[in-house]
Amino acid sequence: MKSIKKILVANRGEIALRVMRTAKEMGISTVAVFSEADRNAVHVRFADEAVCIGPAPSNQSYLLGDKIIEVCKELNVDAIHPGYGFLSENAGFAKLCEDAGVIFIGPTPHAISVMGDKLSAKHAVKDFEVPQVPGGDGEVKDIAAGKELAKEIGFPVLIKASAGGGGKGMRVVEKVEDFEEQMALAVSEATSAFGNGAVFVEKYITNPRHIEIQIMADSHGNVCHLFERDCSVQRRHQKVVEEAPSAVLTPEKREAMGKAAIEVARSVDYTGAGTVEFIYTEDHQFYFLEMNTRLQVEHPVTEMVSGIDLVREQIRVAEGHELSFKQEDLKINGHSMEVRVYAENPWENFSPDIGTLDVYSRPLGPGVRVDDGFEQGMEVPIYYDPMISKLVTHGENREEAMDRMIRAIDEYRVLGVETTLPFGKYVMQHEAFRSGNFSTNFVNVHFDAEKLSAVKNDELEMAAIFASKLLQDDADKDRFNNKVNEPSNWKRNRTL
Ligand code: ADP
């Protein structure tokens with residue numbers, strides 16, 4: 001058992017801040033690392049100590065494992081929290097920490113590397129009770145064999161990169177004639193994006209839901225699940241709206257998926273927080289997709305309904321403690337929604353919209369949580385993920401969580417960049433979402449950018465208010481400048 005007194009957070013933005021907040025609550029001091037682009041970032045000011053580790057591009061700063069370890073040695077850091085992205089799923093970095101005697105707050109390098117590759121993950125869970133997507137579980141090297149397999153599975157099929165992530169390296173093939181072309185594209189995409197061209201073929205599930213299970217494991221053999229998150233609303237295979245619990249799971253299905261997720265964790269002797277992702281079919285089957293061996297972006301919705309601080313639990317497990325709860329202690333309290341607020345233009349197919357946050361004012365009030373790393377006047381840098389914040393609500397039930405989300409979105413003021421907030425409102429008001437009857441195709445089937453214009457008008461009005469505020473500020477400045485030339489009251493008082 002080792003008590004952690006100082007944590008370095010090898011990350012930036014909202015997640016760095018999120019982790020540091022819990023550390024502070026636990027009386028643990030915090031170290032931020034930052035790139036030159038983040039000199040004035042909120043996480044840097046929040047930390048007890050901060051060290052600049054290089055220029056803006058992540059491969060010259062946030063991805064420099066060796067340099068981060070050096071900082072740990074210099075500042076007597078006990079443990080590193082990697083957040084998500086960057087080095088969080090890098091087995092080599094976890095090993096580097098281990099060798100340097102710094103605790104890596106996460107699973108072992110072995111668990112990370114097995115689960116980091118979709119084919120090795122499929123292989124690892126083979127002997128456990130984990131349902132898998134129908135299809136091949138080996139690399140498809142030549143086109144003829146791939147075609148045969150695809151015919152056996154039945155079209156449509158999905159060609160997937162084994163090293164894939166973030167929705168990249170995936171190709172849907174509707175018919176046999178397209179197989180050759182799509183496979184070549186998938187291999188070249190995988191090679192250039194991940195440096196690994198291995199692909200495999202599985203059944204493409206039409207109209208599925210993405211349902212994932214949060215698990216937590218300690219080093220004493222205890223593994224619990226903290227229920228599910230439904231992340232079916234996605235654009236470009238990437239999540240934008242998440243909720244807990246899912247609107248479609250029965251208690252029996254929830255238990256079955258929870259059990260399967262625990263089996264996945266056991267297959268690699270998992271420790272810490274992890275997420276087991278499943279695809280959920282229209283006829284209520286579920287299949288293992290992959291395991292993310294880190295804290296997930298959407299973890300707050302689980303925290304809202306379970307009352308468990310996942311970061312606190314991660315730190316305790318890293319210290320060698322047993323989990324602070326047992327499976328039977330856990331229950332779902334109410335409902336939680338999350339909208340990822342990206343600096344993206346939903347009118348332009350969600351293309352990044354980088355710029356300055358001229359106006360930035362967060363919603364407040366009952367049942368609202370905002371995890372962010374920005375303040376008014378700051379720039380959304382081009383170098384990193386364009387997520388500004390995560391807007392999270394909690395309600396007694398799903399309807400209350402949705403209505404609260406609409407209220408919070410209306411209260412959120414962001415000017416200077418386009419955001420996914422109007423899209424979030426669209427989703428919360430949409431009949432398909434409200435009824436719970438939707439799939440990962442929500443955006444393709446139900447989203448109509450034209451219908452966002454009403455929200456846009458509100459924004460134009462805000463822009464006008466902002467412009468008049470600027471004029472007012474200028475007028476105030478002029479008045480102030482004139483005053484300095486006049487004798488001030490203070491001076492006058494003194495001469496009196
Ligand atoms: P990544 O590592 O890129 O996130 P995943 O395997 O987790 O890849 O899949 C990302 C998303 O792609 C899923 O959430 C789901 O929407 C879709 N997807 C993945 N596999 C399938 C499948 N077999 N059939 C249909 N959709 C799929």
Side-chain angles (χ1 to χ4, degrees), residues 84-85 88-90 112-125 130-137 140 146 149-150 152-174 182 185-186 189-190 192-196 198-214 228-243 246 248 257 261 264 274-294 296-298 338 340 350 385 438-447:
Y84 54 71
S88 63
E89 289 177 289
N90 184 320
I112 299 175
S113 72
V114 171
M115 289 301 165
D117 182 275
K118 293 187 204 300
L119 280 172
S120 71
K122 271 177 184 275
H123 204 76
V125 304
V130 181
Q132 305 228 32
V133 185
D137 58 3
V140 172
L149 179 62
E152 230 172 82
I153 299 168
F155 287 90
V157 297
L158 189 62
I159 304 176
K160 255 190 194 180
S162 187
K168 282 192 214 121
M170 264 192 270
R171 292 266 156 187
V172 184
V173 192
E174 300 286 347
Q182 294 301 323
L185 285 169
E189 214 171 284
S192 65
F194 313 109
N196 174 356
V199 297
F200 60 97
V201 182
E202 66 183 24
K203 178 83 189 155
Y204 179 71
I205 312 286
T206 42
N207 299 318
R209 293 175 84 105
H210 173 113
I211 300 183
E212 59 189 32
I213 304 282
Q214 175 69 52
E228 79 279 9
R229 292 183 287 260
D230 192 319
C231 314
S232 300
V233 179
Q234 307 180 344
R235 44 106 186 73
R236 294 190 295 270
H237 295 300
Q238 283 185 290
K239 306 157 188 171
V240 241
V241 175
E242 299 105 341
E243 63 181 307
S246 165
V248 291
M257 291 180 80
V264 172
T275 295
V276 181
E277 298 191 333
F278 294 99
I279 196 145
Y280 193 83
T281 70
E282 283 179 297
D283 50 358
H284 309 288
Q285 304 288 317
F286 62 90
Y287 301 119
F288 171 59
L289 275 185
E290 64 167 355
M291 180 172 196
N292 291 325
T293 54
R294 52 166 163 85
Q296 203 95 329
V297 176
E298 59 275 19
E338 174 177 289
R340 297 191 190 187
F350 299 94
D385 183 72
F438 59 95
S439 74
T440 56
N441 294 319
F442 181 91
V443 169
N444 296 342
V445 177
H446 299 296
F447 180 53

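Read the numbers this way: they start at 1 and go in the same order the structure lists the ligands and their atoms. If you read the sequence from its start, that first residue is 1, and numbering goes on from there.
Checking H237, E277, K118, K160 against atom 1 (P) of ligand 1, the nearest heavy atom belongs to K118. Looking at R209, Q234, K168 and measuring to atom 16 (O) of ligand 1, the nearest heavy atom belongs to Q234. Nearest-heavy-atom check against atom 22 (C) of ligand 1 across N441, I211, L158 picks out L158.
For atom 14 (O) of ligand 1, the nearest non-hydrogen atom of the protein is H210 ND1, 2.6 Å. The nearest heavy-atom contact from the protein to atom 4 (O) of ligand 1 is E290 OE2, 3.6 Å. Closest to atom 3 (O) of ligand 1, if we only count protein heavy atoms, is G167 N, 2.5 Å. In this structure, the protein non-hydrogen atom closest to atom 24 (N) of ligand 1 is I205 N, 2.9 Å. Protein heavy atom at the shortest distance from atom 10 (C) of ligand 1 is M170 CE, 3.6 Å. With hydrogens left out, the protein atom closest to atom 26 (N) of ligand 1 is I279 CD1, 3.4 Å, a heavy atom.
When only interatomic distances are considered, the shortest N/O to N/O separation between Y204 and ligand 1 does not fall below 3.5 Å. The shortest N or O to N or O distance between P208 and ligand 1 is not below 3.5 Å.
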> Can you check side chain to side chain contact (heavy atoms under 4.5 Å, CB included) on E212 and Q296, steps first, answer last?
Replying inline: CA-CA 10 Å; E212 59 189 32; Q296 203 95 329; 3.3 Å; yes
>> Apply side chain to side chain contact (heavy atoms under 4.5 Å, CB included) to residues I211 and R229 and explain how you reach the verdict.
In response: CA-CA 6 Å; I211 300 183; R229 292 183 287 260; over 6 Å; no
> Stepwise, does the side chain to side chain contact (heavy atoms under 4.5 Å, CB included) test hold for N292 with Y84?
Replying inline: CA-CA 10 Å; N292 291 325; Y84 54 71; over 6 Å; no
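The closest approach between a heavy atom of K239 and any atom of ligand 1 is not below 4.0 Å. Not a single heavy atom of Q238 sits closer than 4.0 Å to an atom of ligand 1.
Proximity to L289 (heavy-atom distance under 4.0 Å) selects the following atoms of ligand 1: 13 (C), 19 (C), 20 (N). The contact set between ligand 1 and K203, taken as ligand atoms under 4.0 Å from a residue heavy atom, comprises 22 (C), 23 (N), 24 (N).
Classification of the F442-H446 ring pair by plane angle, with boundaries at 30° and 60°, yields tilted.
No part of T206 comes within 4.0 Å of ligand 1, judged by heavy-atom distances. Counting heavy atoms closer than 4.0 Å to ligand 1, residue T440 contributes side-chain atoms (C-beta onward) but none from N, CA, C or O.
When every heavy atom of G146 is checked against every heavy atom of V140, the shortest pair comes out as CA-CG1, 3.4 Å. I213 and E228 get closest at one heavy-atom pair: CD1-CB, 3.8 Å. Annotation for K160 and L158: closest pair CE-CD2, 3.6 Å, computed over non-hydrogen atoms. Listed here is the closest heavy atom pair of V248 and Y280: CG2-CE2, 4.1 Å.
Using a 4.0 Å cut-off between a side-chain N of Lys or Arg and a carboxylate O of Asp or Glu, E242 and R340 qualify as a salt bridge.
Relative to the ring axis of F350, R236 does not place its NZ or CZ within 45° and under 6.0 Å from the centre.
Atoms CG and OG1, from N207 and T440 in turn, are 7.0 Å apart once rounded to the nearest 0.5 Å.
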